[in-house]
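One structure below.
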Amino acid sequence: MSNAPQFGLNGPQSEAVLYLDGPALVLAGAGSGKTRVITQKITYMIEDRGYDPRTIAALTFTNKAALEMQERVAKLLKQPRQAKLLTVSTFHSLGVKILRQEANHLGLKDRFSIMDSDDCYSLVQDLAITTDKQLIRRIQNDISLWKNGLVTPELALRNAKDEDEAQSARIYASYVATLSSYQAVDFDDLIRLPVELFRDNETVRDKWQRRLRYLLVDEYQDTNTCQYELLKLMVTGLGKKPMFTAVGDDDQAIYAWRGASVENLANLQVDFPDLKLIKLEQNYRSTTRILQAANAVIANNPKLFEKALWSEHGLGEPIKVHAMPNDEQEAEQVAIMISADHFERKNKWSDYAILYRGNHQARVIEQALRNQRIPYTISGGQSFFDKAEIKDIIAYLRLLANQDDDPAFIRAVTTPRRGIGQSTLEVLGAFSGQWQCSLFEAVFKGGIEAKLTDRQLGPLRDFCNFINDLESRASRPGPAGSGDNAAQVLDDLMEAIHYEHYLYDTLEERAAQSRWQNVLDFVQWLKDRGRGGKDRDGEEKNVLELTQMVALMSMLEGKDEDPDAIRMSTLHASKGLEYPHVFLVGVEEGILPHKGDPDAPVETLAQRIEEERRLMYVGITRAKRTLQLTWCKKRKRGGEHVHCDVSRFIAEMQLDVGDAPPKETEVISPRERLARMKELLATPKTKEIT
DNA sequence: GCGCAAAGTATTTTT
DNA sequence: TACTTTGCGC
């Protein structure tokens, strides 16, 4: 196998592209061109090695990344339309696809609902009979971690260490039962259920293995146990060699809190002994100074793999750190600095990014940018599909698809108000519980007449008849065999529920207007996809199927942001992106590193700091040319100003060491950097780990 | 059953 | 500070 550079790639990159003899792990440092490797590899497989694009799956971490990757492959291909045949999606979307086709094997109907985290939150709230927010979240978290770790409720209960855990485990059991009575799944199930299916049913597993013969997994360091299990089940068996490429970077693992385990990287070598390991260490993104700082910070973490990033770009401009009196000043100063720099260097606004740890930090910054009349776009904030008005509409669609979906029923039947209130629903709920049926079914079940007055039952039955009627039309194939009736069904729905009227009735004009616009955008978005035109995988989808996809989306693709605007983003949402000029704000103890749960066990404390450090590393390595950091001496929390200290990570960047004497010609070799890093590892810091 | 007003409370990251 | 929950009156 030759690993001579090809496609304008460097040695290791083209090696990663060309290698198709077995499983491969590409350790790709920040900015080392991993997306290029993946897209080139797919292109190479199709055009030079005769792979059918239908048998290649690329799994990404977000829908946005999936979309981008597909577009990039389309650009590389001689026949761009082939890109549509690929499976490029998140693990979760792939899970939906599998579940939809194999639902019957799991005792699930193919029109199952997908519950979002809010639905699950309310469910836990009901089951735990509490309003304690912290407690509910803790239980929700426990359940999610168990599911991700493939732990059953029985096992969870048996292994419970204390009463708290036992309580969570008991709720976990009824949580699972309730979801199944709703014919619903949660996010974690989208991966857990396919795993169980593939484990128990070899025929189905073979079928999918034949269908998807080669897997590429991006951001592998952020996969959890369950996802790894799915990967293994999809690539092993059939007496063939496991074929996949995983791409990841242990230094950028920032989702441990969601059950991701970096150990999956190490496990890969154990589970696949002939794993080909390829390291991408040349950075094409940042200046040497930026990389130096990033390397210095991450050197404080224990290492899984030895890796040394280097760059051929020059030393670059010094990294600046600004101390600010308070968070409002911070926001204003950053806005002013960007504005000045923008006019001075004649840069585009979109060359600048402001990164922060938590979404709430965006508020002040937004205000400051507005004051300075600087255009901005926010990514990673509240998702479009989480807006109340969108969830209202989705509730109707969910109910249309699946009448066992009680939460959707409750939401739809009460929004807009139609004379059905809490007490009616309570009676209905008790009745349905007694007869083990859904709320919807209970409305028509014999005996309900005795429990409810005509005044209560009337609107309920009207509502259910309306849903039934609409459902029968939604399920009929449209004219010309397309999903064309989707548009008609949606229009009828919107017309019948008087949603616009409801908004203007309950809200102020401005708010109602903006919400109604969102609804219109959403409906249009659905219509576009219903016609089978715009959807990426080119498959026909009716409204009901679209509803399932919508549950996983967080952004309205296509509804494009201002192309020339400053990017604002959380550090998490910035992963995989790059910007010429980066401002990292709020670099304070308590924010970055974030102070977590004060009564969390001590042994996790070190690990938590390590994850925060990786987050810092991700932030630093987003910058191509300049990087500026700010921190505040005081910050408004709640109503009061609170004192803040500068983050330890600033010192760890070793700015004074690297920058003090202006040795402009200093160029550090990879070897030298490695030595430096080892030195750092050997000195103080490490003792907290050992 | 519903809407309004006051008080209380929470602040990490996301498929 | 902003948002949510609770309570009360119609």
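First the proteins, then the strands, lettered A, B, ... as listed; each starts at 1. Predicted model, so just to flag it, every value in this text is computed and none were measured.
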Check A/Ser574 against A/Ser569 and note the closest heavy-atom contact, atom names and distance.
-> N-OG, 3.5 Å
Please state how far atom CD in A/Glu611 lies from atom P in B/dT12, giving the value in whole angstrom units.
-> 15 Å
Could you list the residues that satisfy side-chain contact (heavy atoms from CB on, under 4.5 Å) with A/Glu449, not counting sequence neighbours?
-> A/Leu457, A/Arg461
Fit a plane to each ring of A/Phe463 and A/Phe466, take the angle between them on a 0 to 90° scale, and name the class: parallel (under 30°), tilted (30 to 60°) or perpendicular (over 60°).
-> tilted
Test for a donor-acceptor pair under 3.5 Å between the base of B/dT13 and the side chain of A/Arg357, counting only N and O atoms.
-> yes
Would you say a side-chain N or O of A/Gln456 is under 4.0 Å from OP1 or OP2 of B/dG1?
-> yes
May A/Trp257 be described as stacking on the base of B/dT13, applying a 5.5 Å centroid limit and a 30° limit on plane angle?
-> yes
Shortest side-chain distance from A/Arg363, nucleotide among B/dT15, C/dT1, C/dC3 | C/dC3
Using only side-chain N and O atoms of A/Asn224, determine if any of them is under 4.0 Å from OP1 or OP2 of B/dT15.
-> no
Pairing stems for DNA chain B [at least three consecutive pairs; Watson-Crick or G-U; under 3.5 angstrom] = B:1-9 with C:2-10
Closest to the A/Thr62 side chain: C/dT1, B/dT15, B/dT13?
-> B/dT15
Less than 4.0 Å between a side-chain N and a carboxylate O, is that true for A/Lys634 and A/Asp327?
-> no
Within the structure shown, what part of the strands sits under 4.0 Å from A/Arg258 by heavy-atom distance: base, sugar-phosphate, or nothing?
-> base
NA contact type, A/Phe91, heavy-atom cut-off 4.0 Å: base, sugar-phosphate, or nothing?
-> nothing
Check for a donor-acceptor pair, side chain of A/Asp126 on one end and backbone N or O of A/Leu123 on the other, with a separation under 3.5 Å.
-> no
